[in-house]
Amino acid sequence: MQQNAKLTIVATMACAISACAGENNEAAPDDAPQNSANAADAAPAAADDGNNGPVRPNTDPYPSTYEPYPSAATLITGATILTGTGARIDNGSVLIEGGKIAGVGADLTAPDGATIIEANGKWVTPGIIDIHSHLGNYPSPSTQSMSDGNEVTNPNTAQVWTEHSVWPQDAGFTRALAGGVTALQILPGSANLFGGRSAILKNVPARTVQDMKFPGAPYGMKMACGENPKRVYGQQGGPGTRMGNFAGYRAAWIEAQGYKKQWDDYWADYDEWDPKGDEDEPDAPSRDLKLETLAGALSGDIRVNMHCYRGDEMVQVLDMAKEFGYRVTTFHHAIEAYKVADKLAENGVCAAVWADWWGFKLEAYDTVRENAALVHAQDGGCAIIHSDDAHGIQRLNQEAGKAMAAGRRMGLELPEETVITWLTANPAKAMGVLDQTGTLEAGKMGDVVIWNGNPFSVYARAEHVFVDGALLYDRSDPKRSPRVDFELGQPGNDATGGAGQ
């Protein structure tokens, strides 16, 4: 296919949403910004060469170029609203204006020209956030040539960045959008002790991963304990045991501490250096991409996401974090989190879990369906429902519903307005973006889902999905469900209906 034709198809994919947004709302002007931007505008200044200040490696060399799709003022009325803050508003309203939440309450007035959606009998929630996804790295079609989630070359590959593997044309993104997912964290796989950096994305059609990157979101780092690293590397020089895993972590953290000290000492020496004196300008240390990521975790700038199943190993990891002075933000999968839920809460660590996946390997054997509920029940507990699966991400609301039902059966009080935080506010907090999304509060991003009923019902469907105020999915309108570029021209694939209409 010629390049110009290819670009036309990609542009059509995006315009199918932005243009029809004007059909239901106010038409966007011809010069309205699309989902792209000049990277130079967003990029921080290049590191100094030493003549005008100390060398400081660029911490954001692949900056977000995300810009919201055009939107118009929208008032949703008459719905049951779960705000994500723990509140429930019956017969409430949500006003979206300028791409932001402008108001949430019982009686709101629509501004002139606003679209009004009568949502009687429907429910409204913040957009779902999946803290553990591999979309784009293990995309559809699932072939070996597209398998880019695990850099299985060394137990420590902290130097890799998962965004460099993300394929924006993965059809899984549009299917997740139809399930109400408006943001997600893409993680490297779990083959390695240190798997690399994560990427936090807005779930929008785009040509590049930079056009999807959540603006201002911090980086995360993936680590893995237990069976996976020792299975992968047991016949490749190790680690081959759990004690080998921990020895590998600790050796890496010791090396990272030394690397961080070199840079801290250099910056301190530079501050004390007198350019007019006799001493030479301090020399900057050599950069090391692997240690740069680990040092970022030690500094608290990069959030640690730890794949870990067994409760005893989680506690050992917490001890290791104290030993080296970093913080684990979330244990992922966390099959046995319920066994150590009090210790997780004491340390301010979230547990991202499935509702009822278990038994596919020995360390995943000893779970209970009440896992998430028991984590939540602790004072300060933080439960999250995640997917780790291209199909599960399409129905995370149902997964949370199953976990809620299990907790209720054991007698825990779990109202819908509380459980929605497992899908919205808690992952946003763990990912470092709660100040921007995850709840329906004035000033936050207009990431909103209208459901046809109680979102925790097996019959629930997302009817409208807004991302930054733009209506990107409408179950009743195939034009707001475009197929990704790669699907076009395949048998049975028209330009619209990509989420299953």
Side-chain angles (χ1 to χ4, degrees), residues 84 125-138 149 162-163 166 172-173 176-177 179-190 195-203 212-214 216-225 297 302-309 314 317 327-335 337 344-345 347-355 357 371-372 375-376 381-400 403 419-439 445 447 449 467:
T125 70
I128 290 176
I129 301 171
D130 189 0
I131 196 173
H132 191 123
S133 175
H134 298 293
L135 292 186
N137 281 359
Y138 292 113
T162 198
E163 65 199 73
V166 172
F173 287 118
L177 185 67
V181 175
T182 57
L184 60 167
Q185 177 172 231
I186 311 300
L187 291 159
S190 55
R197 295 200 194 194
S198 70
I200 297 176
L201 308 180
K202 300 285 286 191
N203 192 12
M212 300 176 74
K213 285 179 71 173
F214 195 114
Y219 277 105
M221 181 180 69
K222 174 74 173 293
M223 295 178 63
C225 64
I302 296 175
R303 295 177 171 241
V304 176
N305 298 269
M306 191 86 193
H307 160 119
C308 209
Y309 287 84
M314 294 179 214
V317 169
R327 179 170 176 264
V328 178
T329 57
T330 310
F331 283 111
H332 291 244
H333 309 334
I335 286 286
L344 301 185
N347 287 274
V349 181
C350 297
V353 303
W354 297 293
W357 273 18
N371 194 15
V375 169
H376 167 82
C382 175
I384 298 169
I385 300 296
H386 69 357
S387 77
D388 188 34
D389 179 72
H391 298 286
I393 195 173
Q394 300 174 33
R395 46 193 65 86
L396 280 170
N397 61 306
Q398 295 180 20
E399 295 300 302
V419 175
I420 194 64
T421 64
W422 301 356
L423 296 174
T424 61
N426 287 357
K429 178 181 72 172
M431 291 157 57
V433 295
L434 183 57
D435 60 329
Q436 299 184 69
T437 191
T439 62
M445 293 172 168
D447 299 343
V449 183
V467 181

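The shown structure was predicted, so the numbers you read here are calculated from the model rather than taken from an experiment.
Using modelled atom types, no side-chain atom of Asp447 and backbone atom of Ile128 make a donor-acceptor pair closer than 3.5 Å. For the pair Asn347 (side chain) and Val349 (backbone), a donor-acceptor distance under 3.5 Å is absent. Side-chain N or O atoms of Trp422 include none that pairs as donor or acceptor with a backbone N or O of Ala400 at under 3.5 Å. Remark: side-chain polar atoms of Asp388 are not paired, donor with acceptor, to backbone N or O of His333 under 3.5 angstrom. With hydrogens and angles disregarded, a donor-acceptor distance shorter than 3.5 Å links the side chain of Arg327 to the backbone of Gly348. Panel note: side chain Arg303, backbone Ala430; a donor-acceptor pair is recorded below 3.5 Å. Checking side-chain atoms of Asn426 against main-chain N and O of Ala383 turns up a donor-acceptor pair under 3.5 Å. A donor-acceptor pair is defined here as one N or O able to donate and one able to accept, closer than 3.5 Å; such a pair exists between the side chain of Gln394 and the backbone of Ala390. For the pair Thr330 (side chain) and Cys350 (backbone), a donor-acceptor distance under 3.5 Å is absent.
In terms of heavy-atom proximity, Ile335 sits nearest to Trp357 at CD1-O, 3.4 Å. Between Thr424 and Gly84 the shortest heavy-atom distance is OG1-CA, 4.1 Å. Nearest approach of Met223 to Met306, heavy atoms of both residues: CB-SD, 3.4 Å. For the residue pair Ala337 and Leu344, the shortest heavy atom distance occurs at CB-CD1, 4.0 Å. The two atoms that bring Pro218 and Val433 nearest to each other are CD-CG1, 4.4 Å, heavy atoms only. Heavy-atom minimum distance, Ala199 versus Thr162: N-CG2, 3.4 Å.
Atom OG1 in Thr329 sits 10.0 Å away from atom CE in Met221 (nearest 0.5 Å). Taking CD1 of Ile384 as the reference point, atom CE of Met431 lies at 9.0 Å (rounded to 0.5 Å). Summarising the geometry, atom NZ belonging to Lys202 is positioned 11.0 Å from atom CG belonging to Leu177; distances are rounded to the nearest 0.5 Å. If you take OG on Ser133 and CD1 on Ile200, they are separated by 12.0 Å, rounding to the nearest 0.5 Å.
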Would you please test Val375 and Val353 for side chain to side chain contact (heavy atoms under 4.5 Å, CB included) and show each step? CA-CA 10 Å; Val375 169; Val353 303; 5.6 Å; no

Please evaluate residues Trp354 and Ile385 with respect to the criterion side chain to side chain contact (heavy atoms under 4.5 Å, CB included), reporting the C-alpha separation (whole Å), side-chain torsions for both, the decisive distance (0.1 Å), and the verdict. CA-CA 6 Å; Trp354 297 293; Ile385 300 296; over 6 Å; no

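The shortest side-chain heavy-atom distance between Val467 and Asn203 does not fall under the 4.5 Å cut-off. Val317 places a side-chain heavy atom less than 4.5 Å from the side chain of Val328.
Note: His307 and Tyr309 meet the aromatic proximity criterion, with ring centroids under 6.0 Å apart.
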Side-chain polar contacts of residues 181-188 - donor-acceptor pairs under 3.5 angstrom, sequence neighbours left out - could you list them?
from	atom 1	to	atom 2	distance (Å)
Gln185	OE1	Ser198	OG	2.9
Gln185	NE2	Ile131	O	2.9
Gln185	NE2	Asn305	OD1	3.4

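Under the ring pair (Phe, Tyr, Trp, His ring centres under 6.0 Å) criterion, His332 pairs with His132, sequence neighbours left out.
Side-chain N/O atoms of His386 and Asp130 include no donor and acceptor closer than 3.5 Å.
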